[in-house]
2 protein chains.
Amino acid sequence: MARGSFREQVLLAREAAIVSAVNRLLAEKGFDAMTVDAVAAEVGIAKASLYKHFKSKEDLAAAAMIGVLDRALALIETLQKDPSLDERERLKAVTRWTMQVQLAGEMPALPAQNSALRSALMANKAYLDRLMQVSDLLGAWIVAGQAAGRLDAGLPPEVLLYTIYARACDPVLGVLKASANFTDDQIIDMLLSTCFHGLDGAVPKTASHAAGQAT
Amino acid sequence: MARGSFREQVLLAREAAIVSAVNRLLAEKGFDAMTVDAVAAEVGIAKASLYKHFKSKEDLAAAAMIGVLDRALALIETLQKDPSLDERERLKAVTRWTMQVQLAGEMPALPAQNSALRSALMANKAYLDRLMQVSDLLGAWIVAGQAAGRLDAGLPPEVLLYTIYARACDPVLGVLKASANFTDDQIIDMLLSTCFHGLDGAVPKTASHAAGQAT
DNA sequence: GTCTATAAGAGGATAGAC
DNA sequence: GTCTATCCTCTTATAGAC
């Protein structure tokens, strides 16, 4: 890509400011409650100007999601290069980062039910490419972690992948933060524990163990 | 309470039909995308008539939530009486039921971010009473399960409670169902496994185990 | 209490001047 | 490309007759 003129650089900076505002508002209020007026007000420009950069509210949300996926890809690449980590530790690091972003109020919240938004995302090649790239990289780690016995090999890899994805919108984070009884790091450590170790205690066997196929 | 006249019985039946429609629409579209017009259409009455029974859209959602909590309380009472189950198994049964309700399309979805809705719920005594009752009962099971070593005693009970609550709106359920690769029972069994056992594999120790406080 | 009709307002998107 | 002003649709909620 060419560098672009000074004027183009200014435009890109403005678009970055828009995406940043969208990202923050999506994290704070969610897609439905975020108004385009609020975005324009936060950026400090007129609403009509927004529509010169992005053709719809859904496009604004897609741009924010692309930004998050780019940051995730950068982290994944960094972790990929660290030879001191195995796949499970890398996945845990990604999960931790996801929670940190959410607690920092920077994780855009997109309702899974909104079909208009979903259609726009599924039609957005830049978004889909990044999503598939992240899924492929994390999926490879999952399969390797299962083969090494560090992750539960009894579950389909996609179940583990979706479970990790879901940490990005886990409502438990917000509830615990609102309770004001824990620091952000404590919350993250506890939820990493429930995610990877589960809720079960250390006592593995009981008298009823032989009865059923699973406890 | 008195039985009420025949006419009052008819009204109660109509209100039950309204709440049922609200419950279904909340599960399908979520609170924001559910319109009062759609509720009226599903029940087969005029919108103005709805407002004779419930004074706001938020009240409609609260009524649906109260219905779910009542059903949960009924299940909890039944489980309480079964002496063959320990506390962990009871919690697992509640979690399983929660997921079954969601997969059946009968779990109302309320966005945690909507402040108007949240205010209405927090001002609704009938809702709050039931919510606290459920929390007290499940909380007692959690503490007992921790004391028995069947649940992780290293985590605050509220963390376990919220984690179980969150299964009611776990997006992984819907994603796996949409993938059409699993039956409902398979999905529930897999997610019960990730919830109680976590994502970790069977290999508990590694060479790096002694290094940090936790893996 | 049920209906039809409508008020009242929010919010996404655009027109047209500059 | 940025602005002001506006359109238009959707949605909550209510008025008023029966």
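Remember, predicted model here, so these are calculated numbers, not experimental data.
- Put simply, the side chain of B:Thr95 reaches to within 4.5 Å of the side chain of B:Phe196, judged on heavy atoms.
- At least one side-chain nitrogen or oxygen of B:Arg14 sits closer than 4.0 Å to the OP1 or OP2 atom of C:dT2.
- The shortest side-chain heavy-atom distance between B:Arg90 and B:Leu138 does not fall under the 4.5 Å cut-off.
- Judged by distance alone, with hydrogens and angles left aside, the side-chain atoms of A:Arg130 form a donor-acceptor pair with the main-chain N or O of A:Ala126 at under 3.5 Å.
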Indicate for each nucleotide in nucleotides 7-18 of chain D, in 5' to 3' sequence, whether protein heavy atoms under 4.0 Å reach the base (B), only the sugar-phosphate (S), or nothing (-).
----SBBBB---
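- Atom C1' of nucleotide C:dA13 and atom CG of A:Asp59 are separated by 13 Å, given to the nearest angstrom.
- Using a 4.0 Å heavy-atom cutoff across all strands shown, A:Arg7 reaches no nucleic acid atom at all.
- You'll find that the side chain of B:Leu11 is closest to C:dT2, out of C:dT2, D:dT2, D:dT4.
- Although no hydrogens or angles enter the test, the distance criterion places no donor-acceptor pair under 3.5 Å between the side chain of A:Lys57 and the main chain of A:Leu117.
- A:Leu176 places a side-chain heavy atom less than 4.5 Å from the side chain of A:Leu191.
- Checking the phosphate oxygens (OP1, OP2) of D:dC3, a side-chain nitrogen or oxygen of A:Ser49 falls inside 4.0 Å.
- Here CD1 of A:Ile142 is found 4.5 Å from CG of A:Leu161. Values are rounded to the nearest 0.5 Å.
- Atom-to-atom, CZ of A:Phe54 to C1' of D:dT2 comes out at 16 Å; the value is rounded to the nearest Å.
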